[in-house]
Engineer: 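Below is the structure I would like to discuss, written out as structure tokens.
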Amino acid sequence: MRTLTFASRNTKEITRDILTLIFGIAFPIVLLLLLSAINKGIPEGYGPDLFEISKLAPGITVFGLSFLTLFSSMIIAKDRTTSFVLRLFTSPLKPSEFILGYTLPLIPMALIQTAVCYICALFLGLPFSVNLLVAAIVNLPIALVFIALGLLFGSVFNEKAVGGISGALLTNLSAWFSNIWFDTSMVGGAFKTVAHAVNAARSAVAGDFAAIFPDLWWVIGYAVVLLAAAVTVFAVKLKKN
Amino acid sequence: MEAIKTKALTKKFKEKTAVDNLELTVHEGELYALLGVNGAGKSTTIKMLSCLTQPTSGDARLMGHSIVSDTSSVKALINVSPQETAVAAKLSVRENLEFIARIYGSNKKEARQKALDMIEKFNMDEIERSKAATLSGGWQRRLSIAMALITEPEILFLDEPTLGLDVLARRELWHLIERLKGKMTIILTTHYLEEAESLSDRIGIMSRGVLLAEGTAAELKAEAGTDDFEEAFIRITEEAVK
């Protein structure tokens, strides 16, 4: 119950910030519309097929999820700056309840983001199928990766630094490495690895369910490691204060 | 009964000793002020007593519970109003109060009733729907104390409660704190000597992590051989530095 109470408070704090709605929902949609328009202007057979809606939409949903890092890191960093977290540390809340309370509100947010992106993509020509529901489920572990990164950053850095790291650096890296702009397999190495999330989402949309898992295992692995790291760092911080 | 009893309570940060073998006893229902210049060890003492940081050695018992081995029992009977206002910025006054009541175990109905009681007690009716971020420093501080009181703590820690407030807001908070006297044990840290003198039952003066002297304001003035409390504080602190 305490976890849900804390999660409810965090939901209010995040959703009452208008920038959250702009960055979380509107910006990915604008990007989707813009890149679709660019794609339409390219003569058939001349441009990269990355901008086709069936490939673009899953990529944009994953890019949109990178803003979850900003939201989760900002709320923790703010709570630390204002000493609100100090007040909570003296309460009966346990470290696991803290982490869950910060994580839970962002899961429905991730689903809403994904749904809005795919609904928009339907209007841009993406065929409706049950695959989109699978793609939404595939996005959940991807969302956890971004949330866990935010929990880590928010526990370590201050509010100002977190804005730069999560807001500018991470969202740019996510965009560049996510296979939206160029085929990262042409570059190889680390670039190829970080594109697992988008590949899994694309396989889901294409209905190629067998192809989801090699990539999704990587994502789930990242999520587990990062969440464990976030819980550890937060608990250490709590103890050290 | 003793509300707080520390035994050789010590906190070291690498080579620096922030609190050194502190022996402190605070009686139930007492308002005890901890005074000291910056770096005296007041806030570290409060942090240890409120289970925010573990002592390097020693222990303290709050209503009989150890801050080292029984932190969950200690946390259930204390509350803290930290130095910063520590309110949830985008929550309204009422939401802030209900939130704290609920994480301490009240159900929705009880939390709502407790929040309404606090709003009435603290004359916050007009601002109950205002977001905390939009409130003045004085109102935020008032809300912060109400959030600490809503859980009906047996021991309340007020860490620099009037820091940064104007004279009027400070006086208002003094009246508020005066009304709490006797209802619970209160530990107050402050830089304002007149605040400690007028509000406290007893005062402890700390310097460099050590409790130099304690007693009522009158006893401390007599000990220092002066009628002026500020002068007494300076003499006691300077004597220790020599």
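Note that the structure is predicted; figures quoted are calculated from it, not measured. Order of the sequence lines sets the chain letters (A, B, ...), proteins ahead of strands, with each chain counted from 1.
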Engineer: Select one option (side chain, backbone, both, neither) describing which atoms of Ala111(B) are under 4.5 Å from chain A's heavy atoms.
Structural biologist: neither
Engineer: Distance-only, no hydrogens or angles: does the Asn10(A) side chain make a donor-acceptor pair with backbone N or O of Gly101(A) under 3.5 Å?
Structural biologist: yes
Engineer: Heavy-atom cut-off 4.5 Å, strictly under: side chain, backbone, both or neither for Asp17(A) against chain B?
Structural biologist: both
Engineer: Against chain A, label Asn107(B) side chain, backbone, both or neither, depending on which of its atoms sit under 4.5 Å from a heavy atom there.
Structural biologist: neither
Engineer: Could you check Asp70(B) against Ser73(B) for side chain to side chain donor-acceptor pair (under 3.5 Å), going step by step and ending with a plain yes or no?
Structural biologist: CA-CA 6 Å; Asp70(B) 195 8; Ser73(B) 299; 2.8 Å; yes
Engineer: How many angstroms lie between OG1 in Thr45(B) and CG in Leu24(B), if you round to the nearest 0.5 Å?
Structural biologist: 8.0 Å
Engineer: Heavy-atom cut-off 4.5 Å, strictly under: side chain, backbone, both or neither for Glu95(B) against chain A?
Structural biologist: side chain
Engineer: Can you name the side-chain hydrogen bond (donor to acceptor under 3.5 Å, both in side chains) partners of Ser73(A), sequence neighbours left out?
Structural biologist: Ser166(A)
Engineer: Report which part of Ser92(B) has an atom under 4.5 Å of a heavy atom belonging to chain A: side chain, backbone, both, or neither.
Structural biologist: backbone
Engineer: Relative to chain B, which segment of Leu88(A) carries a heavy atom at a distance below 4.5 Å: side chain, backbone, both, or neither?
Structural biologist: side chain
Engineer: Heavy-atom distance under 4.5 Å to chain A: side chain of Lys131(B), backbone, both or neither?
Structural biologist: side chain
Engineer: For Arg61(B), enumerate each residue passing the salt bridge (charged side-chain N to carboxylate O under 4.0 Å, His left out) test, keeping only those at least two apart in sequence or located in another chain.
Structural biologist: none
Engineer: Would you kindly say whether Thr85(B) and Ser144(B) are connected by a side-chain donor-acceptor distance under 3.5 Å?
Structural biologist: no
Engineer: Leu91(B), Val74(B), Asn96(B), Ile100(B): which one forms the most heavy-atom pairs within less than 4.5 Å of chain A?
Structural biologist: Leu91(B)
Engineer: What class does the angle between the rings of Phe153(A) and Phe157(A) fall in, given that below 30° is parallel, 30 to 60° is tilted and above 60° is perpendicular?
Structural biologist: tilted
Engineer: Just give me the residue among Arg16(A), Glu97(A), Lys12(A) that pairs up with chain B most often, heavy atom to heavy atom, under 4.5 Å.
Structural biologist: Arg16(A)
Engineer: So what's closer than 4.5 Å to chain A heavy atoms on Ser72(B): side chain, backbone, both or neither?
Structural biologist: neither
Engineer: Determine, step by step, whether Phe89(A) and Phe98(A) satisfy the ring pair (Phe, Tyr, Trp, His ring centres under 6.0 Å) criterion, reporting the C-alpha distance in whole Å, the side-chain angles of both residues, the deciding distance to 0.1 Å, and the verdict.
Structural biologist: CA-CA 9 Å; Phe89(A) 282 169; Phe98(A) 272 104; 5.3 Å; yes
Engineer: Please classify the contact between Thr151(B) and chain A as side chain, backbone, both or neither, with a heavy-atom cut-off of under 4.5 Å.
Structural biologist: neither
